[in-house]
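All remarks here apply to the structure that follows.
Counting starts at 1 for both ligands and their atoms, following the listed order. Atoms considered below: every heavy atom in the structure, side chains included; atoms not considered: hydrogens, waters and symmetry mates.
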Amino acid sequence: MKNETKQKHPANTLVILGTGGTIAGRAPLASDNVGYVAGQVGIGDLVAAVPTLNDLALDVEQVVQIDSKDMGFSVWKTLLARVAFHLERPDVTSIVITHGTDTLEETAFFLQTVLRPSKPVVMTCAMRPSTALMPDGPQNLHDAVVVARHTGAQGVVVVCAGSIHSAIDVTKMHTYQVDAFDSGDAGPLGRVEQGEVRLFRNWPTACEAGPFHTVACQQIESVGNLPYVALLTSHADADGNVVRALSSYFLAHPEHPLCGIVVAGTGNGTVHGRLETALCEAQALGIRVVRTSRCARGRVLTHSKQLLSEVSSLSPVKARIALALDLLAESAINEQTNSLPA
Ligand code: ASP
C-alpha cells in the first residue's frame, strides 16, 4: 500500500501505520455514529487532519485497510513484519498504529507478546467515524503521538480517550461510548493530560535484545496459520457435544488440526460438568485445554483436584492467542530437536 515519507528530522522519525477501523470510517450523515463503514480513509488523510503533527518527522504507511472485526493471522503477520522492520531502523524512535477497536486488544497483545519492543509501539483508535460531528480519532491520534514521543516509553500500549493501557491488561468494555477501554484490576498505565503523560505504573516489559519470541517470530514468517485454538464459553445448560462435534470435525480434517481449546469459565474458571467431561475427553486426544474466566475482573486461582489443571489469568481472547503462540513455539522446538542428528 501507499507509503509517504516526510523526513524533516530523519534521526528522530516517528512511523505511523494505518490498518483501518472506525477511526478511518465514513458515514453518509455527520450525525450517524454507528451506521458507517470502517476502513475508508487513508492514513495520510487521517494524519493530515491533525495539525499538531505537521512539523514532525513522520513516515506514514498504510499496512491494510480493514474493519478490525475481520482481523486474522495473515494481517498480524504483515503488521508484525512492518513493525519489526521499523523498530530495527536506528532513525525510528517510535511507532503509532491506528486500528479498529473491536480486536485492538488482541493485536496489541500479539505484538507485545512476540516483540516486547524496547521502543514504544502505541496503538490508537476511535469509536466514532471520521465523518462524525465530534470525531474522537484526531484527539486520540494526537495523544498517541504524545505517548510515542514520551521519554522512557516502551512496549505496546493502547491510547484511547486520554487513557494509556498496557497491551496485556486492556479490554474493550463498551459498545459505543468513546471511553471504551479498561484495564481491569490493573488500571490504566497512565493518562495523557494536555499533551503531557502522567504515569501510574511501569511500561510493559521490554526485551532489549530484539524480538522476545525469536523462535515464534521466525515460525510466524514461515507458517500460513497459527495452530488452531478454539474458544468456548461455559454457561448455564452448557453442553459437551459442542466439544465432541469440534473434535470430530477437526479429526476429519487432519491438514488443519484442532490443537487447543480455551474455555471461558464461570467465576473462578469453573466449567459446567457436562462441558468439563467433554473437555477432558479432548485433552485425552492430545488437545491442550486452558481454563480462564468470563469475569471482567480478577484472575483464575487454582486449587488441587481440578480435572482441567491448566489455567490462564489472561482474558479469554488473549489466552487463545497465548496458547496458539505457545503451541507454535513448541512445534518449532520439536522440529529443531527432531532434525538433530541421533
Ligand atoms: N468495527 C470497527 C473496527 O473494529 C469498530 C471500531 O473501530 O470502533 O474496525
Side-chain angles (χ1 to χ4, degrees), residues 1-2 16-47 49-50 60-80 82-83 95-112 121-145 147-148 156-165 167 169-183 188 192 231 296 315-318 320-321:
M1 288 220 179
K2 197 172 78 173
I16 304 189
L17 305 177
T19 70
T22 296
I23 191 168
R26 266 202 201 107
L29 293 175
S31 57
D32 194 347
N33 283 341
V34 293
Y36 58 86
V37 181
Q40 300 298 300
V41 183
I43 188 65
D45 291 337
L46 295 182
V47 171
V50 184
V60 177
E61 181 179 329
Q62 189 80 54
V63 178
V64 286
Q65 185 64 290
I66 62 164
D67 184 323
S68 86
K69 74 178 177 58
D70 299 321
M71 186 53 69
F73 181 64
S74 65
V75 174
W76 283 348
K77 205 167 136 168
T78 309
L79 186 59
L80 178 71
R82 296 314 295 153
V83 172
I95 299 177
V96 167
I97 304 173
T98 59
H99 195 287
T101 59
D102 287 347
T103 55
L104 179 55
E105 69 216 60
E106 295 180 57
T107 304
F109 179 80
F110 173 79
L111 292 175
Q112 171 63 18
V121 175
V122 184
M123 301 190 66
T124 195
C125 56
M127 290 297 286
R128 294 179 182 156
S130 65
T131 46
L133 286 171
M134 279 181 66
D136 51 332
Q139 181 70 51
N140 284 346
L141 185 51
H142 166 84
D143 288 350
V145 170
V147 174
V156 182
V157 296
V158 169
V159 169
C160 181
S163 292
I164 311 164
H165 300 276
D169 301 307
V170 68
T171 302
K172 186 174 178 181
M173 295 296 278
H174 205 281
T175 54
Y176 62 83
Q177 283 182 358
V178 290
D179 193 1
F181 289 88
D182 191 87
S183 286
V192 188
L231 176 55
S315 69
V317 290
K318 289 180 185 175
R320 191 194 75 83
I321 298 165

Measure Cys125 to ligand 1 on non-hydrogen atoms and call it side chain, backbone, both or neither using the 4.0 Å cut-off.
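Cys125 to ligand 1: no contact under 4.0 Å from either part.
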Ligand 1 versus Tyr176, non-hydrogen atoms closer than 4.0 Å: side chain, backbone, both, neither?
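It is neither part, as no heavy atom is under 4.0 Å.
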Under 3.5 Å, N or O to N or O, is [X] touching ligand 1 that way?
X	value
Thr103	no
Asp67	yes
Lys172	no
Ala126	yes

Nearest heavy-atom pair of Gln62 and Ile43: which atoms, and what distance?
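In terms of heavy atoms, the two residues are closest at OE1-N, 2.7 Å.
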Could you tell me the residue and atom name of the protein heavy atom closest to [atom], and the distance to it rounded to 0.1 Å?
atom	value
atom 9 (O) of ligand 1	Ser68 N, 2.7 Å
atom 6 (C) of ligand 1	Thr22 OG1, 2.6 Å
atom 8 (O) of ligand 1	Thr101 OG1, 2.4 Å

Audit row: Val63, Thr78, side chain to side chain contact (heavy atoms under 4.5 Å, CB included) steps and yes/no:
CA-CA 8 Å; Val63 178; Thr78 309; 3.9 Å; yes
I need the atoms of ligand 1 closer than 4.0 Å to a non-hydrogen atom of Tyr36, numbered in the order shown.
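Listed by number with element, the hits are 5 (C).
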Sole residue of Val122, Leu111, Leu17 in side chain to side chain contact (heavy atoms under 4.5 Å, CB included) with Ile95
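That would be Leu17.
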Which class fits the ring pair His165 and Phe181: parallel under 30°, tilted 30 to 60°, perpendicular over 60°?
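Judged by the thresholds at 30° and 60°, the geometry between His165 and Phe181 is tilted.
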Donor-acceptor under 3.5 Å (Gln40 side chain, Ala38 main chain)
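Indeed, once roles are kept as given, a pair shorter than 3.5 Å links the two residues.
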Verify side chain to side chain contact (heavy atoms under 4.5 Å, CB included) between Met123 and Val156, making sure each step is shown before the conclusion.
CA-CA 7 Å; Met123 301 190 66; Val156 182; 4.1 Å; yes
Hey, mind stepping through Met127 and Lys172 against side chain to side chain contact (heavy atoms under 4.5 Å, CB included) and telling me if it holds?
CA-CA 11 Å; Met127 290 297 286; Lys172 186 174 178 181; 3.8 Å; yes
